[in-house]
Amino acid sequence: MFESILSGLAKAAPFLGAGAKLYAANEARRASNRQADLIREQASRDAAQRQRQNQRLLASQRARYSAAGVTLEGTPGLVLDETDSMAAQDISDIYYFGNQSANAARRSGRAGMIGGFLDASSSLLGGHDNWKDLGLFGSSQPSVGGGSFTSGSANRGQYYFRNRDNYLR
């Protein structure tokens, strides 16, 4: 009795393994998406902090010019404009690199999902012999003549290529 249960579990292992691989791949993708969201939030906070620093710097520059009795026209105005444009470029860079990092995290998650799908497919294909033994694809011998079937992973690919027309029907 226990042997038949263990035999059934062994034959169902590729299904369970494929399911586990798909679940793990999906969780990895979801984690990558959460990481991408956190990266974007951090970039937004960094940009806001840089904007506040810029406002303080500009206020300080204006106060110093005013304390020295200098008007904000001409060169002092150009200095203030240049300071502001440099800070705006810094803020733009923060957003740009934050988006690049977030996109890389999302791509990594997508690639992991594709890899997990391929691993799961491999598990399912690797369990093809077990499926036939469970009766999911008929008998364990090829139904159409012209090919021979021997069990073992080394011969599965050879069987497929000699009998690929049988699989494609």
Side-chain angles (χ1 to χ4, degrees), residues 5-6 8-132 134 136-137 152-154 156-157 160-161 164 167-168:
I5 292 172
L6 292 176
L9 287 175
K11 292 176 182 179
F15 292 113
L16 299 173
K21 288 176 183 179
L22 286 174
Y23 179 78
N26 189 46
E27 287 301 308
R29 182 190 55 84
R30 290 178 62 206
S32 297
N33 288 343
R34 284 191 301 270
Q35 181 182 6
D37 292 341
L38 290 174
I39 289 170
R40 283 200 172 96
E41 288 175 16
Q42 182 63 42
S44 181
R45 283 192 297 271
D46 290 348
Q49 180 182 10
R50 181 64 179 106
Q51 180 63 35
R52 287 189 299 274
Q53 288 173 346
N54 180 48
Q55 290 169 347
R56 284 192 296 270
L57 178 61
L58 287 173
S60 173
Q61 285 178 330
R62 284 189 192 104
R64 287 183 181 161
Y65 283 136
S66 295
V70 177
T71 63
L72 298 179
E73 296 179 12
T75 303
L78 293 174
V79 169
L80 289 173
D81 289 343
E82 183 65 22
T83 301
D84 193 38
S85 72
M86 289 175 67
Q89 182 62 47
D90 288 346
I91 292 168
S92 177
D93 288 346
I94 290 169
Y95 279 121
Y96 175 78
F97 290 115
N99 280 330
Q100 291 297 319
S101 296
N103 289 339
R106 286 196 196 279
R107 281 191 304 272
S108 173
R110 228 176 279 130
M113 183 67 176
I114 291 169
F117 178 76
L118 293 174
D119 282 348
S121 299
S122 173
S123 289
L124 290 174
L125 290 174
H128 183 262
D129 289 342
N130 292 337
W131 296 3
K132 292 193 309 185
L134 289 172
L136 296 177
F137 289 110
S153 61
R156 280 190 198 115
Y160 173 77
F161 285 111
R164 64 180 168 265
Y167 283 98
L168 300 175

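Of all the heavy atoms in G98 and A43, the pair that sits closest is CA-CB, 3.8 Å. Residues I94 and A47 share a closest heavy-atom pair of CG2-N, 3.8 Å. Between A105 and S32, the closest heavy-atom pair is O-CB, 3.3 Å. Across all non-hydrogen atoms, the minimal contact from G112 to A25 is O-CB, 3.8 Å. Closest heavy-atom contact between L22 and A120: CG-CB, 3.6 Å.
More than 12 heavy atoms of other shown residues, nucleotides or ligands fall within 6.0 angstrom of atom OH in Y65. Atom CZ of R64 sits in a sparse spot, with 12 or fewer heavy atoms from other residues, nucleotides or ligands closer than 6.0 Å.
The line from CG of L78 to CD of E73 is 11.0 Å long, rounded to the nearest 0.5 Å. Annotation: the span from K21 atom NZ to L118 atom CG amounts to 11.0 Å, rounded to 0.5 Å. Between M113 atom CE and R30 atom CZ the span is 11.0 Å, to the nearest 0.5 Å. Between atom CG of residue L80 and atom CG of residue D84 there is a gap of 8.5 Å, rounded to the nearest 0.5 Å. Distance check, rounded to the nearest 0.5 Å: CZ of R110 to CG of N33 gives 8.0 Å. With rounding to the nearest 0.5 Å, the separation of CZ in R29 from OG in S108 is 12.5 Å.
Sorted by first then second residue, the side-chain hydrogen bond (donor to acceptor under 3.5 Å, both in side chains) pairs that include residues 92-103, not counting sequence neighbours, are R40-N99, R40-N103, Q89-D93.
The closest side-chain donor-acceptor pair between R52 and Q55, if any, does not fall under 3.5 angstrom.
Residues that satisfy the side chain to side chain donor-acceptor pair (under 3.5 Å) test with R50, not counting sequence neighbours, are D90.
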